Amino acid sequence: MNYAGFWIRFVANFIDGLVLMVPLMLLQFALMPKFLMQGQGTMNYGTTNTDMHSYLGLYLLIGYLITGAYYVLMTGSKHKGTLGKMAMSIEVVDEAGEGLTYRKSFVRYIGSILSGIILNIGYLMVAFHSQKRALHDLIANSYVVAKRK
C-alpha cells in the first residue's frame, strides 16, 4: 500500500474544515437569534448563564452530529473518504484494501475525537508511524492510502 503522509492528510482535513464551515456557520446563525432575543446579547464569561450554556451545548451537540455524519457517511461510502480526501486523491481502507463499513467508519470518527482531545498527538502520530497511521487509524484498523487508478 502507498500510505498517505502527514501533509497530504493535513491538506485534506483543511479542505474538510472548509466544507464543514458552511453548515456549522448556518447552524450558528440559526441558533444565535434565539439566544440574542432572550436579552443575552453579550456573553459574560465570568458568570454562570444557563441560557448561554444551553445555546453552546446545543450548538456543540448538533455540530458534532453534523461533523460525525459527514465523516462517517463519506468514509463508509463507495468514495472511501471525505471530499478533502477525494480532492487529494487519497482514500481510507481496511487491512485488505477495501472500503470501511459504516460501523468501522463510526469507530474511526470516535477515535479521531480522541486523537484531537489529547492535544492532537493522535494526528501527529502520522508523521512518525511507519505506516503513516494516526491513533484513530490504529483504533479502527484502517489505513489512508493513495487512490488506486
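These values consider heavy atoms only, across backbone and side chains, with no hydrogens, waters or symmetry-generated copies. Small disclaimer: the values here were computed from a predicted structure and weren't measured.
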Discussion item. Run the side-chain contact (heavy atoms from CB on, under 4.5 Å) test on Val145 and Gln131 for me, step by step, so that the C-alpha distance in whole Å, both residues' side-chain angles and the decisive distance to 0.1 Å come before the verdict.
Written reply: CA-CA 10 Å; Val145 298; Gln131 296 174 323; over 6 Å; no

If you measure from [atom1] on [X] to [atom2] on [Y], what distance do you get to the nearest 0.5 Å?
X: His129; Y: Leu138; atom1: NE2; atom2: CG; answer: 4.5 Å
X: Leu31; Y: Leu58; atom1: CG; atom2: CG; answer: 5.0 Å
X: Ile139; Y: Ile110; atom1: CD1; atom2: CD1; answer: 10.0 Å
X: Ile8; Y: Tyr3; atom1: CD1; atom2: OH; answer: 15.5 Å
X: Leu60; Y: Leu27; atom1: CG; atom2: CG; answer: 9.5 Å
X: Ile90; Y: Thr82; atom1: CD1; atom2: OG1; answer: 7.5 Å

Any link between [X] and [Y] through a network of hydrophobic side chains (Ile, Leu, Val, Met, Phe, Trp, Tyr) touching at under 4.5 Å?
X: Ile118; Y: Met125; result: yes
X: Ile15; Y: Val22; result: no
X: Ile66; Y: Ile113; result: yes
X: Val92; Y: Val107; result: no

Practice prompt. Please report the C-alpha distance between Val19 and Met74 in whole Å, then the side-chain angles of each, then the deciding distance to 0.1 Å, and finally whether the side-chain contact (heavy atoms from CB on, under 4.5 Å) criterion is met.
Written response: CA-CA 13 Å; Val19 168; Met74 291 296 295; over 6 Å; no

Practice prompt. Please assess Leu24 against Thr67 for the test side-chain contact (heavy atoms from CB on, under 4.5 Å), listing each intermediate value before the final yes or no.
Written response: CA-CA 9 Å; Leu24 294 177; Thr67 304; 4.2 Å; yes

Fill in: Pairs involving residues 83-100, ordered by first then second residue, that meet salt bridge (charged side-chain N to carboxylate O under 4.0 Å, His left out) (sequence neighbours left out)
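Found Glu95-Lys104.
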
Worksheet item: Heavy-atom distance under 4.5 Å between the side chains of Val144 and Asp137, does that happen here?
Response: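 The answer is yes, as the side chains (C-beta and beyond) meet within the 4.5 Å cut-off.
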
Item to complete: With side-chain contact (heavy atoms from CB on, under 4.5 Å) as the test, would you mind laying out the steps for His136 and Leu114 before giving the verdict?
Response: CA-CA 8 Å; His136 49 279; Leu114 179 60; over 6 Å; no

Item to complete: Classify the ring geometry between Trp7 and Phe10 as parallel (under 30°), tilted (30 to 60°) or perpendicular (over 60°).
Response: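 Answer is perpendicular, since the angle exceeds 60°.
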
Worksheet item: For Leu100, does its backbone N or O pair with a side-chain atom of Arg108 as donor and acceptor, under 3.5 Å?
Response: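 Absent.
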
Discussion item. Would the distance check show the side chain of Tyr123 and the main-chain N or O of Phe6 forming a donor-acceptor pair, the cut-off being under 3.5 Å?
Written reply: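 Side chain of Tyr123 to backbone of Phe6: no pair is present.
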
Practice prompt. Determine the minimum heavy-atom distance between Gly76 and Ser105, stating which atoms define it.
Written response: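 Smallest heavy-atom distance, with atoms named: N-OG, 3.6 Å.
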
Worksheet item: Do you know the tightest heavy-atom contact between Gly84 and Asp16?
Response: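 Shortest heavy-atom separation between Gly84 and Asp16 comes out as N-OD1, 2.8 Å.
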
Item to complete: Any ring pair (Phe, Tyr, Trp, His ring centres under 6.0 Å) involving residues 61-117? Give me the pairs, sequence neighbours left out, ordered by first then second residue.
Response: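 Listed once each, the pairs would be none.
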
